[in-house]
Amino acid sequence: MAKNVLTPQAEDFPRWYQDVVAKAELAENGPARGTMTIRPWGYAIWEHVQSDMDRRIKATGHDNAAFPLLIPMSYLEREAEHVEGFSPELAVVTHAGGEELAEPLVVRPTSETVIGDAMSRWIQGYRDLPLKLNQWGNVVRWELRPRLFLRTTEFLWQEGHTAHATWRDAQDETLQILHEVYDATISELLAIPTVIGRKTERERFAGAETTYTLEGLMRDGKALQMGTSHHLGQNFAKGFDIAYTDADGERKLAWTTSWGVSARVVGGLIMSHGDDRGLRLPPRCAPAQVVVVAVRDEVLDAARDLSGRLRAAGVRVRLDERTNVGFGRRIVDWELKGVPVRLELGPRELDAGQVALARRDGDGAKDAVALDAVVDRMPGLLAEMQQALYDQALARREAATQDVQGVSDIDGPGFFRVPYKVVGDAGEDALNERGYSIRCLVTADGDVPGPRGDDDEDLIAYVSKAY
RNA sequence: CGGGAUGUAGCGCAGCUUGGUUAGCGCGCCACGUUCGGGACGUGGAGGCCCCGGGUUCAAAUCCCGGCAUCCCGACCA
């Protein structure tokens, strides 16, 4: 039996995370504190998230655009709560071109302000609404305690910004993104089940009227916010004069939304599925879905033929021809990197007209599969594994979720569902003191609640520790 | 921003207490050979402003002073 390649999860989960990020060659620290270099294997995962989400963003009627990285400081100040919320984590450019700037420039921590400014010019009449934009980019928020993927000073993300004629339209947009874009990608591509709900007042985005969130539960029983969607009310419309003339000739303020998902979800992917052998990637987001390991030189031609046939069948496949490297080393490498299916082809298999197949979602046992059947079987197998990883994650979350009646019952890892009315503001303080927080609020039926209102009495709070 | 620690080869570290040969070890890298079915082994080799600056000394990785950087622990965030 192989010795541990990684620190076991049960021994030290954060250490396991660091180990797997390094050894699976996902990312490393950049030279400046809090920065991250994303390596090809990690970036390929993010690219799958990007392309899946981008497709859904466009399918729901949004257009991509690109806005500036540098924003005049005065823009942020136009929305009081916004600037107050972000000021502690702003990076500000005060000098450029060898001189002190007349007005400092902020490196965007998010783009509500520049985009609001553009919207105010692009929107004139009600026919210009809704205006639904999205941008893929990077933002900077000065972080004191960075962690690769999970919390870095500069991070990659997507931010959507929309403007609507009515409160209702903006609300529908906010919720549509949550379900049709974010949850769809996170559950179907990343195979991570989420709890979708409303943030409490103290967790609300600076400048938003209402903030919604998708929360995943990691293998160590801590929650990770996987994405957010905000109803901004008319807060930014006021600050940036995003107004339109309606059908009656009356001038009205628009209602705006914003929503974002970052490369943090890659961290969520690692911590949702990974085990003591390394990453376990759902096939849909795996940089390689199948690796063909040529055991010895004699079988190289056959291995090339097999990988060629898989590729022709639309499978993302890698061929490992490194016969100069020890067999065990190569196997461990691919397990670390989380490739869903490993096909080992050696003289023994070739003679029998077979290939040894190992699934990364299983116990490491290998099946002998006929060489002429393996390609046909692969799409079905990959789909099955995609579902299996989701089912495992969901079962784990359900086992780690319990209903309790009071704050005093909350102790240990996992989600605690507690009636919101018995927590209250004081209860939330007490929880925060102990490292717990209300991740989100849901209705008694588990649905996403509307904005703050009378029915808050009946909401359920999901409480846990969080990243 | 408060407390603790660390900067020596690509990575991980020893050496420093008590200055003194040519600064070592493991992993990785390169070459050759033997191996190769769950992290192989041998032989040889390459690779160092010992964080930076100053000081003490015949002599500094080692002692002193001053910087800088990073990591860990306590208040925010996708």
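The sequence lines fix the lettering, A, B, ..., with proteins before strands; numbering per chain opens at 1. The model shown is predicted, which means the values in this text are computed figures rather than measured ones.
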Nearest-Å distance for atom pair [atom1]/[atom2], residues [X] and [N]:
X         : N       : atom1 : atom2 : result
Asn324(A) : rC29(B) : CG    : C1'   : 13 Å
Arg322(A) : rA40(B) : CZ    : P     : 12 Å
Glu203(A) : rA78(B) : CD    : P     : 8 Å
Asp297(A) : rU34(B) : CG    : P     : 13 Å
Lys23(A)  : rC27(B) : NZ    : P     : 14 Å
Trp334(A) : rG37(B) : CH2   : P     : 18 Å
Arg147(A) : rC76(B) : CZ    : C1'   : 16 Å
Gln18(A)  : rC11(B) : CD    : P     : 16 Å

Nucleotide nearest [X] (side chain, heavy atoms from C-beta), chosen from [options]:
X         : options                   : value
Arg296(A) : rA78(B), rG38(B), rC36(B) : rC36(B)
Glu143(A) : rG39(B), rG38(B), rC76(B) : rC76(B)
Glu335(A) : rG39(B), rC77(B), rG38(B) : rG38(B)
Pro347(A) : rA78(B), rC72(B), rG37(B) : rG37(B)

Say we look at [N] and [M]: how far apart would their [atom1] atoms be, to the nearest angstrom?
N       : M       : atom1 : result
rG26(B) : rG66(B) : P     : 38 Å
rG33(B) : rA5(B)  : C1'   : 46 Å
rC68(B) : rC27(B) : C1'   : 30 Å
rC64(B) : rG39(B) : P     : 48 Å
rG28(B) : rC65(B) : P     : 41 Å
rA23(B) : rA40(B) : C1'   : 31 Å
rG44(B) : rG4(B)  : C1'   : 45 Å
rC1(B)  : rG67(B) : P     : 13 Å

Under a plain distance cut-off of 3.5 Å, with no hydrogens placed, do [Y] and [X] share a side-chain donor-acceptor pair?
X         : Y         : value
His161(A) : Ser258(A) : no
Thr174(A) : Ser229(A) : no
Asp12(A)  : Thr7(A)   : no

Which residue, Tyr467(A) or Gly34(A), contacts RNA chain B at a nucleotide closer to its 5' end, judged by nearest heavy atom?
->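 So the residue in question is Gly34(A).
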
Residue met sooner reading RNA chain B from 5', once Gly364(A) and Thr211(A) are mapped to nucleotides | Gly364(A)

On the side chain of [X], is there an atom forming a donor-acceptor pair with the base of [N] - under 3.5 Å, no angle test?
X         : N       : value
Arg342(A) : rG38(B) : yes
Glu344(A) : rG38(B) : no
Lys366(A) : rG37(B) : no
Arg151(A) : rC77(B) : yes

Does [N] pair with anything, Watson-Crick or G-U wobble, both distances under 3.5 Å, and if so, with which nucleotide?
N       : answer
rA23(B) : none
rA78(B) : none
rG2(B)  : rC73(B)
rG42(B) : rC32(B)
rU62(B) : none
rA9(B)  : none
rU17(B) : none

With Gln392(A), which of Arg280(A), His273(A), Arg397(A) fulfils side-chain hydrogen bond (donor to acceptor under 3.5 Å, both in side chains)?
-> Arg280(A)

When you check the phosphate oxygens OP1 and OP2 of rG28(B), does a side-chain N or O of Arg329(A) lie under 4.0 Å from one of them?
-> yes

Answer yes or no: is there a side-chain heavy-atom contact under 4.5 Å between Val315(A) and Leu382(A)?
->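 Result yes, sub-4.5 Å side-chain heavy-atom pair found.
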
Residue pair Thr185(A) / Arg55(A), side-chain heavy-atom distance below 4.5 Å |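 No, their side chains stay 4.5 Å or more apart.
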
Ring centroids of Phe327(A) and rG38(B) base under 5.5 Å with planes under 30° = no

Considering every strand and a 4.0 Å limit on heavy-atom distances, what is the contact class for [X]: base, sugar-phosphate, or nothing?
X         : result
Thr213(A) : nothing
Asn29(A)  : nothing
Gly260(A) : nothing
Thr323(A) : base
Arg330(A) : nothing
Glu349(A) : base

Does the pair Arg141(A)/Glu143(A) count as a salt bridge with the N-to-O cut at 4.0 Å?
-> no

Could you list all the salt bridge (Lys or Arg N to Asp or Glu O under 4.0 Å) pairs where at least one residue sits in residues 57-72 of chain A, not counting sequence neighbours?
->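 Matches after skipping sequence neighbours: Asp54(A)-Lys58(A).
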
Over 60° means perpendicular and under 30° means parallel, so classify the ring planes of Phe86(A) and His82(A), tilted if in between.
-> perpendicular

